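Remarks on the structure that follows.
The structure displayed is predicted, hence computed values, not measured ones.
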Amino acid sequence: MKAETPSINGVFKNSTVLRIPFFQRQYVWGEKEWERFINDMESLVGLRKKFFLGSLIFKNEEPTDEEATYGVSEKYTVIDGQQRLTTLSIYLKALNSLLVDDQLRNNFQSSFFIQNGQRNPVLHHSINDRAAYQETMWGNPLTPYEDKRVVKAYHFFRDKLVGRGQSELKALWMAVFARIKFVEIILDDQDDEQQIFDTINSLGVDLTIDELMKNFLYDVNEEEAYVNNWKPVFDDTASRDFWGTSDAARSQAATDENKVISNFFYDFVRIKMWDYEGQPGFDRKAFVQKSQIFSTCKAFVEVFGTDKQTLANEIIEYAKLYKKYLNKKNLDVRIPMTSGIERVACIAMAKESTITPYLLYVLKNVNGLQEQNKMFEFLETYLVRRMVALPVNANKMATEFYTEQLVAKQIDSCDELKQYIMSISEDKNMHMPSDIEIATNIHQTIFGDESTPRLIFYLQETRNRYQHTGGYNYFLAEYIIPKPCKASERNYPPHADDMLEQERKTKTKTIGNFILLEKPRVENNPDKEADDQEKMIKALKRVANEAFADKSQVMKQYVSTLICSNWFNTKANWDETEIQIRNRGFASKVVPQVWPL
């Protein structure tokens, strides 16, 4: 490799193509970076020394025959620096659009565009930003691309510059071209740009796992495969919103680990890794680490010899299933009465269950909808019985169970699944709770909030003559007797006996003390629906710690249409004995009828 310190005119030349490859992410700089950039440019006026705008890493590439015919003598792959190069060129385009000096305007054209009939920009963007960048540089109408960052950058810079006098704009132009320098590193043919790119990323460039995978799986020769296969699943606007990789979704995600895209690839790795169990290089301990998703996927190719496009297509297959069935928007939609993926996926999403890899495995690998549905029915029974009978920490080994047992052993029929789970003895963590165990444990199984009781009752309700159009999100579960606290002591004074008080605290957190309520629905009027639901929440909050007579009057407004809750309309009082009776009834009648063994 060699290093140089060129000026702008040494980087942008009309005989040079700077190609941004697949493995570079989209242009992602925003107002924070633009503000800093424009302040740096303003500081150049009157500055006597050089201003280094950062490092650029290029790798030599042969121009195509077509490029050579119109004078391209140098072509480079941009390994690092595309954000700065894009920002600089857009800033200069905005500044140039306001200048009236023909010589300066022509200088811009001769430096930033290849002098062929098409006037292609020297900087050749990757496919996702190419059209928007070209139209911006050409000065064409930008209406179709207003959502693109490159266009937003242009408008930002132009708005900052408009209204200034020509002498000020010219001084700024001259200063930028006179003062800016880069540190330019040109890689030799033997230098591994992929390894260098990975190193740069490890030092802090914020790439998402799908960008790393796209980088690894596709190069310029696979552009058609990328456009036809990968882009519709991961890289169009709607997909980026779903995966949490759009600009808006990035800003909302607390950490990268919370993004849907990371969760999906983690699920994929925990499915795919078992194809290589027993082979040299199989590292179970490393492969199951969420921080090692990308390196594990690389190992599938580099260690075990999987073809890149074969791996890409398998990822795409699983991703389509994930988007269809594990989309949290589905929690707004009613689930079927009959067993199937929709019901068990509702459990997985509502509880953020670690069963998702096995659900994806079944969807892709089990032949026949009838067999799949039988497996999903059994899994629903298994999950609900465990929620009813076992404490939350009983599922601490669930991740390993679903992947290292069910997926790794290729359990792909209902008979195999039943036989395997039913063979687990009751003293083992992942066993199927029996009717007797449920009847015994239901009085001690407590819930820290309403989400699990709501899910259980919702699944029960949807087995009835279910007429409601709303999904899980259109319901909530409410404590009938409030959890013991200072605010509730006025109407529910604590027992003097500590043992009885502890029993009361336990009973109020069991499923028998929860009631399913339906949120108001207003068809075709989302604003009124939101207002009505807010009124409901406020009304319930207002009476949360009130006596049963007052609290029940509010709750009864939201149970009349629910088969699993309409018994509540006849209740004139409620105490710990009632909770115990209801727990017994739920264990002896509801569970065996709705989720039989």
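The side-chain tip of R240 does not point at the ring of F234 from less than 6.0 angstrom away and within 45° of straight on. Cation-pi check for R130 over Y133 is not met; the charged atom does not lie both under 6.0 angstrom from the ring centroid and within 45 degrees of its normal. Relative to the six-membered ring of Y420, K409 misses at least one condition, a distance below 6.0 Å or an angle of at most 45° to the axis.
Within a 6.0 Å radius of CD in E146, more than 12 heavy atoms belonging to other residues, nucleotides or ligands are found. Around atom CD of Q419, no more than 12 heavy atoms belonging to other residues, nucleotides or ligands sit under 6.0 Å away. At most 12 non-hydrogen atoms from other residues, nucleotides or ligands lie less than 6.0 angstrom from NZ of K418.
Among all heavy-atom pairs drawn from K259 and G244, the shortest one is CD-O, 3.7 Å. Closest non-hydrogen pair, C297 versus F216, comes out as O-CE2, 4.3 Å. When every heavy atom of L326 is checked against every heavy atom of L360, the shortest pair comes out as CD1-CD2, 4.0 Å. The two residues N140 and E135 make their nearest non-hydrogen contact at ND2-OE1, 2.8 Å. Annotation for M273 and F287: closest pair CE-CB, 3.8 Å, computed over non-hydrogen atoms. For the pair N128 and K148, the tightest heavy-atom approach, listed with the atom from each and the gap, is O-NZ, 2.8 Å.
Panel note: side chain D129, backbone Y27; a donor-acceptor pair is recorded below 3.5 Å. With hydrogens and angles ignored, the 3.5 Å screen pairs no side-chain donor or acceptor of W29 with any backbone N or O of R84. The main-chain N or O of V233 is found under 3.5 Å from a side-chain atom of K323 such that the two form a donor-acceptor pair. Side chain of E380 to backbone of I341: no donor-acceptor contact under 3.5 angstrom is found. Remark: the backbone N or O of E377 is paired with a side-chain donor or acceptor of T381 at under 3.5 angstrom. Side-chain N or O atoms of T310 include none that pairs as donor or acceptor with a backbone N or O of T306 at under 3.5 Å. The closest donor-acceptor contact from the side chain of S239 to the backbone of P232 lies under 3.5 Å.
No side-chain heavy atom of T296 sits under 4.5 Å from any side-chain heavy atom of K272.
Between F182 and F52, the ring centre distance reaches or exceeds 6.0 Å. Between F282 and W274, the distance separating the two ring centers is shorter than 6.0 angstrom.
Ring geometry for Y322 against F242 counts as perpendicular: the plane angle is over 60°, on a 0 to 90° scale with 30° as the lower cut. Ring geometry for F475 versus Y458: interplanar angle of 30 to 60°, hence tilted. The aromatic rings of F300 and F304 are tilted relative to each other, their planes meeting at an angle between 30° and 60°.
Donor-acceptor pairing under 3.5 Å is recorded for the side chains of Y76 and E74. One side chain, T452 or K351, offers a donor N or O that lies under 3.5 Å from an acceptor on the other. Y472 and D332 form no side-chain donor-acceptor contact under 3.5 Å, judged by distance and modelled atom types alone. Under 3.5 Å, the side chains of H125 and Q134 contain no donor-acceptor pair of N or O atoms. Looking only at atom types and distance, the side chain of T136 has no donor-acceptor partner in the side chain of Y145 under 3.5 Å away.
Interatomic distance, CZ of F378 versus CG of D415, reported as 10.5 Å (0.5 Å rounding).
Using a 4.0 Å cut-off between a side-chain N of Lys or Arg and a carboxylate O of Asp or Glu, K308 and E222 do not qualify as a salt bridge. Note on E35 versus K160: salt bridge recorded, some NZ/NE/NH1/NH2 to OD/OE distance being below 4.0 Å. Salt bridge annotation for R19-E61: present, with a cationic side-chain nitrogen under 4.0 angstrom from a carboxylate oxygen. A salt bridge between K374 and E371 is present, with a side-chain N of the basic residue lying under 4.0 Å from a carboxylate O of the acidic one.
The side chain to side chain donor-acceptor pair (under 3.5 Å) analysis of residues 355-370, with sequence neighbours excluded, yields the pairs D267-T356, Y318-N365.
When the side chain to side chain contact (heavy atoms under 4.5 Å, CB included) test is applied to K324, no partner is found at least two apart in sequence or on another chain.
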